[in-house]
Number of protein chains: 2
Amino acid sequence: MKSEMSLRIENLLNSANLRRTGPRAAILSVLLQADKPLTQGQIAANLAAVIPNKVTIYRTLASFCRAGLVHKAFMHKRAWHFELADKCTESQCHPHFTCKSCGVVRCLVGLSVSIVEGLKKGFVIHRQQVRLEGLCPSCGGKKSM
Amino acid sequence: MKSEMSLRIENLLNSANLRRTGPRAAILSVLLQADKPLTQGQIAANLAAVIPNKVTIYRTLASFCRAGLVHKAFMHKRAWHFELADKCTESQCHPHFTCKSCGVVRCLVGLSVSIVEGLKKGFVIHRQQVRLEGLCPSCGGKKSM
DNA sequence: TGCTAAATGCAACTAAGTTGCAAAAAGTTT
DNA sequence: AAACTTTTTGCAACTTAGTTGCATTTAGCA
Ligand SMILES: [Mn+2]
Ligand SMILES: [Mn+2]
Ligand SMILES: [Zn+2]
Ligand SMILES: [Zn+2]
């Protein structure tokens, strides 16, 4: 019998019209269990049995993005951080916090920010991204290095 | 006699306690005349006579950032975009718009966004960055590729 | 069971940014 | 002005996230 998780993954892949393959299920599983956006490297590190090729992970993430299943949340240290798109509205992903000192990332899911207004006529906004940088509670007392 | 521009540059470097060198003056001049954040490559392309080594440009920008003269405004296509920090408050650079189709960048200097509130106790926010993606007026009618 | 389009793995590549080190230039002292 | 000290510069080599081409494998389907 299949676990709830694998059923959910199957459904997601089916409804996105993507073939069900080992790498896709594994990567999706990691993203489903993550509470924050992950890089390709972090995804690979969280994979247990099957560790697909780096290229496959990137191509899988690209497919997921195309299907609207995943977002590129933000880029940090020259690396994209990917997360499931389910907690984002169409025009705005929730804000993300990154600690300058320890690098910890927090999704600020509750705190939506109103879209910037007053842009000159003719501009069409597809997406607004808000990022916060600072110190997390555990780093707050220390000097950021 | 010195031009107004070179006097201004001299003052900026002096007050930032940075030695006055050819590369620094040239790079600062490009940034002073730019109306939007530029990458290292774009800065190099805008330099006229002296074209310093790529490494020098990066190190100069790092010095300027350390001195608070310049900001890393945002990263796009894996490249940092630098701009003078004079139009930014301490906690927030103005929002930036990037056209998905043609790549044109616009500084939204007037349109500040209120800092996200409601973050859990203990977090210290140093900086909020807002980015908009969409279509500029000239690309608005066309399909984004 | 076989067919075909889609997905994967591998190796080689791209490009922004960094590092170590020796040479050059800026600011300072004599 | 010459000598000295410290910072800056240039060069070559390196790092690393992400991409590309191509041969091989596999999912979905007849
Ligand atoms: Mn998130
Ligand atoms: Mn700007
Ligand atoms: Zn921290
Ligand atoms: Zn455009």
Side-chain angles (χ1 to χ4, degrees), chain A residues 2 6 9-28 37-47 49-67 69-83 98 103 105, chain B residues 6 9-28 30 37-47 49-67 69-82 98 103 105 145:
Chain A
K2 282 175 180 166
S6 36
I9 288 170
E10 229 172 272
N11 280 341
L12 280 171
L13 290 176
N14 278 341
S15 57
N17 240 312
L18 293 168
R19 292 191 179 181
R20 289 169 296 161
T21 67
R24 281 182 180 163
I27 293 168
L28 203 40
L38 301 175
T39 63
Q40 174 275 136
Q42 293 172 318
I43 291 169
N46 281 305
L47 287 166
V50 217
I51 302 196
N53 188 275
K54 176 180 76 158
V55 180
T56 301
I57 300 183
Y58 279 117
R59 288 200 272 229
T60 299
L61 290 168
S63 302
F64 289 173
C65 285
R66 243 176 282 123
L69 224 57
V70 163
H71 270 176
K72 290 178 173 179
F74 59 86
M75 190 172 240
H76 186 62
K77 299 204 174 166
R78 303 177 53 69
W80 277 111
H81 289 60
F82 300 85
E83 72 179 345
T98 307
V105 172
Chain B
S6 35
I9 288 170
E10 230 172 273
N11 281 339
L12 280 170
L13 290 176
N14 279 340
S15 55
N17 241 311
L18 293 167
R19 291 191 179 178
R20 289 169 297 161
T21 68
R24 283 183 178 162
I27 292 168
L28 204 40
V30 169
L38 301 176
T39 64
Q40 174 274 137
Q42 292 172 318
I43 292 170
N46 280 306
L47 288 165
V50 216
I51 302 195
N53 188 276
K54 175 181 76 157
V55 180
T56 301
I57 301 182
Y58 280 117
R59 288 201 271 231
T60 300
L61 291 168
S63 303
F64 289 174
C65 284
R66 243 177 281 125
L69 223 60
V70 162
H71 271 178
K72 289 176 172 179
F74 59 88
M75 189 171 240
H76 185 62
K77 299 203 174 168
R78 303 176 54 68
W80 277 111
H81 290 60
F82 300 85
T98 308
V105 172
M145 58 131 249

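A, B, ... follow the sequence lines: proteins, then strands. Residue 1 opens every chain.
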Please figure out whether Lys54(B) or Pro23(B) has its closest DNA chain D nucleotide nearer the 5' end. Pro23(B)
First of Tyr58(B) and Ile51(A) reached from the 5' end of DNA chain C, by closest nucleotide: Ile51(A)
Could you walk me through whether Phe64(A) and Leu13(A) pass the side-chain contact (heavy atoms from CB on, under 4.5 Å) test, one step at a time? CA-CA 9 Å; Phe64(A) 289 173; Leu13(A) 290 176; 3.8 Å; yes
Just to be sure I understand the rule, does Lys77(B) reach a base, reach only the sugar-phosphate, or reach nothing, if contact means heavy atoms closer than 4.0 Å? nothing
With a 4.5 Å cut-off on side-chain heavy atoms, are Phe82(A) and Lys72(A) touching? yes
Using whole Å, what does the distance between atom P of nucleotide dT8(D) and atom CG of Leu13(B) come to? 11 Å
Of all the choices, dT9(D), dA16(C), dG18(D), which nucleotide is nearest to the side chain of Arg24(B) once you look at every atom? dT9(D)
Check: Arg24(A) side chain, Arg19(A) main-chain N or O, donor-acceptor pair, under 3.5 Å: yes
Whole angstrom value for the distance that separates P of dT8(C) from CG of Leu47(A): 13 Å
Ala44(A) and Ile51(A) have their tightest heavy-atom pair at O-CD1, 4.2 Å
So what does Thr60(A) hit on the nucleic acid, given a heavy-atom distance under 4.0 Å: a base, only sugar-phosphate, or nothing? sugar-phosphate
Roughly how many Å is it from CD1 in Ile57(A) to P in dA7(C), rounded to a whole number? 16 Å
May I have the distance from Leu61(A) (atom CG) to dT8(C) (atom C1'), rounded to whole angstrom? 14 Å
Find the distance Asn17(A):CG to dA5(C):P and express it as a whole number of Å. 17 Å
Between Gly103(A) and Thr98(A), which heavy-atom pair has the shortest distance, and what is it? O-CG2, 4.0 Å
Taking C-beta and beyond as the side chain, do Thr60(B) and Thr21(B) meet within less than 4.5 Å on heavy atoms? no
Could you state the NE2-P distance from His76(A) to dT16(D), rounded to the nearest angstrom? 16 Å
Going 5' to 3' through nucleotides 20-30 of chain D, assign each nucleotide B (protein heavy atom under 4.0 Å from a base atom), S (under 4.0 Å only from sugar-phosphate atoms) or - (no protein heavy atom that close). BB-----BS--
What is the distance, to the nearest angstrom, from the CZ atom on Phe64(A) to the C1' atom on dA6(C)? 14 Å
Nearest-angstrom distance from the residue atom CD of Gln42(A) to P of dG18(D): 11 Å
Contact under 4.0 Å: Asn53(A) side-chain N or O vs dC10(C) OP1/OP2: yes
Distance (rounded to the nearest 0.5 Å) between Leu38(A) CG and Leu61(A) CG: 9.5 Å
